[in-house]
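Accompanying notes for the structure given below.
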Amino acid sequence: MQYAVGIDIGGTKTAIGLVDANGQALAKTTLPTNPSSPSHMVDEIAAAANKLMEDSGVSASELLGIGIGAPGPLDTKRGIIAEPPNLRSWWGFPVVDSFRRHFDSHVKLAFENDATAAALAERWIGAAKNADHYVYMTISTGIGAGIFSHGRLITGATGNAGDIGHIVIDPAAGLCQCGQRGCFEYIASGTAIARMASELLGRPVTTKEAFELALSGSNAAAEELVRRVFRYIGVGCVTMINTFDPELIVIGGGVSQVGAPLFDTVTDYIRHHALNPSGRETAVVPAALSQDVGLIGAAALIHIAYK
Ligand code: ADP
Ligand code: ZN
């Protein structure tokens, strides 16, 4: 059997897993992401990966490669973490070269943005098996997408394709951290829902609480806010449908856990607003993989993407 190590670098934690050729994680661990010293963090990740192999009895010769997923913007062509807002001290860090120093030259290294890796995982063992035209959308702290078209990952020139969180949806809505106004992420991410609900109710409200208030029918203003957000997510899906003509959209990330109210509203929006008749029938389903999606996707970069 051949194995890959999948590494999912996040703003607060990094997940590392030893994954077999069937997408099963034999062993996994997490480390807090070191915000100040990326090269020290890479040393720690490499040590943790070696320990997972040792503990599982996997030898160095069975290690096919190391897949790395990280938040964008990045530059996969040069193997660099470019400018992720949640990893400021990592800006410009040559993450691929840094991992190279820890592993034999026969070990492959692959690097893509985290939403692209998650899209690959869902297609490998999740909700999008065998889908050749499909978009994975994550609605979490931010919003991003991974795109499959004609059976191939669409990554762009530098690995940043699918940064749909910064498609402008409502310029009147306010200033996004990217400098544009009314970005998708600014009005429909988990962060945005909590911000808007807190402004509305005049006290700190979490995304989950905003959903509870809205869906129990106990607060009409919260209900209106949440319905508006779900419609915005529908707008994002229609934009993807009109651009890529997918057969399937998979939605993951913390916000998707609200379930049917979101999926029903989005499906209804698509039925009415996708431009072409077949697009109006596009299936929208929840992601099948949850917290391991990042590391499995990173491992999938080695097992299936670059074979
Ligand atoms: P990350 O962005 O770090 O990948 P998540 O995918 O869990 O993490 O997304 C975090 C966002 O999702 C937060 O805004 C959080 O409030 C929201 N969220 C997490 N779980 C739920 C839930 N069960 N219901 C609604 N929102 C949730
Ligand atoms: Zn923006």
Side-chain angles (χ1 to χ4, degrees), residues 6-15 30-33 35 69-73 83-87 113-119 121-122 126 136-146 160 162-199 201 204-216 222-223 225-227 229-230 232-233 235-236 239 250-263 265-266 286-298:
I7 300 166
D8 179 29
I9 300 173
T12 52
K13 64 176 171 46
T14 293
T30 60
L31 296 172
T33 299
E83 296 187 358
N86 297 331
L87 281 174
N113 86 54
D114 46 13
T116 295
E122 287 290 338
Y136 172 84
M137 196 182 282
T138 173
I139 317 239
S140 43
T141 308
I143 295 181
N160 292 300
D163 236 337
I164 63 166
H166 302 277
I167 288 174
V168 172
I169 292 193
D170 177 8
L175 189 62
C176 178
Q177 60 181 348
C178 77
Q180 296 199 99
R181 291 187 173 273
C183 289
F184 189 17
E185 175 170 306
Y186 184 77
I187 57 174
S189 63
T191 314
I193 297 164
R195 185 195 72 239
M196 294 184 295
S198 302
E199 279 167 14
L201 300 175
V205 178
T206 65
T207 311
K208 213 172 166 189
E209 193 193 344
F211 286 157
E212 281 158 11
L213 287 169
L215 301 170
S216 64
E223 196 173 337
L225 187 157
V226 165
R227 297 238 165 273
V229 168
F230 289 173
Y232 286 146
I233 296 172
V235 173
T239 303
V250 175
I251 305 182
V255 169
S256 70
Q257 288 176 38
V258 68
L262 168 68
F263 286 87
T265 306
V266 167
L289 307 171
S290 55
Q291 77 269 37
D292 290 341
V293 69
L295 67 88
I296 291 171

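In listed order, ligands and their atoms are each counted from 1. All of these numbers come straight from a predicted model, not from anything done at the bench.
The Zn ion (ligand 2) has H166 ND1, C176 SG, C178 SG, C183 SG as its protein N, O or S neighbours under 2.8 Å.
Ranking the protein heavy atoms by distance from atom 9 (O) of ligand 1 puts S140 CB, 3.1 Å first. The protein non-hydrogen atom at the shortest distance from atom 24 (N) of ligand 1 is K208 CG, 3.8 Å. With respect to atom 22 (C) of ligand 1, the closest heavy atom belonging to the protein is G254 O, 3.7 Å. For atom 15 (C) of ligand 1, the nearest non-hydrogen atom of the protein is T207 OG1, 4.1 Å. In terms of protein heavy-atom proximity, atom 23 (N) of ligand 1 is closest to Q257 OE1, 3.3 Å. Looking from atom 2 (O) of ligand 1 to the surrounding protein, the closest heavy atom is T141 OG1, 2.5 Å.
Residues R227 and T265 are in side-chain contact: their nearest non-hydrogen atoms beyond the backbone lie under 4.5 Å apart. At least one side-chain heavy atom of V293 sits under 4.5 Å from a side-chain heavy atom of E122. Using a 4.5 Å cut-off on side-chain heavy atoms (C-beta onward), P32 and T12 make no contact. A 4.5 Å side-chain heavy-atom check between K208 and Q257 finds every atom pair outside the cut-off. Within the 4.5 Å cutoff, the side chain of D163 has no heavy atoms near those of the N113 side chain.
In summary, the aromatic rings of F211 and F230 are positioned with their centroids under 6.0 Å apart.
Across all their heavy atoms, I164 and A145 have their closest contact at CD1-CB, 3.6 Å. When every heavy atom of A287 is checked against every heavy atom of G252, the shortest pair comes out as CB-CA, 3.7 Å. Minimum interatomic distance between G253 and S140 (heavy atoms only, all atoms of both residues): CA-CB, 4.1 Å.
The contact set between ligand 1 and G190, taken as ligand atoms under 4.0 Å from a residue heavy atom, comprises 14 (O). Interface of G253 with ligand 1, defined as ligand atoms under 4.0 Å from a residue heavy atom, comprises 6 (O).
In this structure, a donor-acceptor pair under 3.5 Å is present between the side chains of T33 and T14.
Contact annotation for T191 and ligand 1: only backbone heavy atoms (N, CA, C, O) come within less than 4.0 Å of the ligand.
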